[in-house]
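See below for the structure under consideration.
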Protein chains: 2
Amino acid sequence: MYDWPMSVAVSLTKSPAEVTSLAAQFKALGDPTRLDLIINVAASTGAEACVCDLTPETGLTQGTVSHHLRILVEAGLLERSQRGKWSYYSLTAVAKEILKSLNISQPARKSSKANC
Amino acid sequence: MYDWPMSVAVSLTKSPAEVTSLAAQFKALGDPTRLDLIINVAASTGAEACVCDLTPETGLTQGTVSHHLRILVEAGLLERSQRGKWSYYSLTAVAKEILKSLNISQPARKSSKANC
DNA sequence: ATCATACATTGACATTCATCAATTTGAGCA
DNA sequence: TGCTCAAATTGATGAATGTCAATGTATGAT
């Protein structure tokens, strides 16, 4: 039996607040750069990645990537943990369920780039 | 066994084009009004609804609702069929799979309002 | 033909957004 | 204490977005 993504589950008699929150998650995923970041995090070794590894993937500025990561954190899709000088971003349970729903299942891990 | 939403399935070694297309669908769903429209269509009798029934639900202008519906059509989430003076919008297969993934399954049908 | 209805389209406007360059913060190391 | 590196933040700017009022279009009825 399929394990439903409970964290994003809504009923069709959903409250306006639920619709707003779900729309906010969709909105966060609705930018190609951010969706790419999420997928790259999921594909990274240990299912976490730091900004210096994610930045070159995007072709954007470091500041811009930090900006997008913050949006994903605020949407509840990524979580940040700082170790030493590095910030590691990993998927939240909500994000994992969404990726699973989209058949973006657990990948063959991408080897980390170690750019930093 | 769960029936995976093939229409939105991507692999983690996805092409940039796939990411862009998926992000476009998320973006279309990333507006509270549009997500509300999609859910209202899904909950309507016969899984289709016309603009005059959807408009009062939103509290917005008819023109604005038409605008949002067009965006959803262009994203491949709704399809339009005109019968007489009315335009009926219904979910595409892609939209159905997404709603199913989010556990927004088939509803107890909402009775149509017949505002027009 | 005329008129009313349902919907689409246009133009305008304020707001939000994505991006960059530059600066700041903060942690480890010499 | 300085110095370096990773990341966050700020300010600015051009583009995109959501909304409305007004107009256009097409269909059916009188």
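None of the values given here were measured: they were computed from a predicted structure. Sequence lines set the chain letters: A, B, ... in the order given, protein chains first and strands last, and positions in each chain run from 1.
Side-chain N/O atoms of A/R83 include none lying less than 4.0 angstrom from OP1 or OP2 on D/dA6. A/Y89 has no side-chain polar atom (N or O) that falls below the 4.0 Å cut-off from OP1 or OP2 of D/dA6. Regarding contacts with the backbone of C/dT9, a side-chain N or O of B/R70 is found under 4.0 angstrom from either OP1 or OP2. In this structure, A/S87 reaches the D/dA8 phosphate: one of its side-chain N or O atoms is under 4.0 Å from OP1 or OP2.
In this entry the distance linking CG of A/L29 with P of C/dC17 reads 15 Å, nearest Å. Distance A/E74 CD to C/dC17 P: 11 Å, rounded to the nearest Å. Rounded to whole Å, atom P of C/dA6 lies 10 Å from atom OH of B/Y88. In this entry the distance linking CG of A/L69 with C1' of C/dA18 reads 14 Å, nearest Å.
Under a 3.5 Å cut-off, the side chain of B/T92 and the backbone N or O of B/A95 do form a donor-acceptor pair. Here the side chain of A/S44 pairs a donor or acceptor atom with the backbone of A/N40 at under 3.5 angstrom.
Following chains of ILVMFWY side-chain contacts shorter than 4.5 Å, one cannot reach A/L22 starting from B/I71, and the two form parts of different hydrophobic clusters.
Connectivity analysis of hydrophobic side chains (ILVMFWY, heavy atoms under 4.5 Å, direct or indirect) links A/W86 to A/Y88.
Listed by first and then second residue, the salt bridge (Lys or Arg N to Asp or Glu O under 4.0 Å) pairs involving residues 41-51 of chain A are A/E48-A/R83 (not counting sequence neighbours).
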When every nucleotide of nucleotides 13-27 of chain D is labelled 5' to 3' by its protein contacts under 4.0 Å (heavy atoms), B for base, S for sugar-phosphate only, - for none, what sequence of letters results? ----SSBB------B
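Atom CG of B/D36 sits about 7.5 Å away from atom CD of B/E57, to the nearest 0.5 Å.
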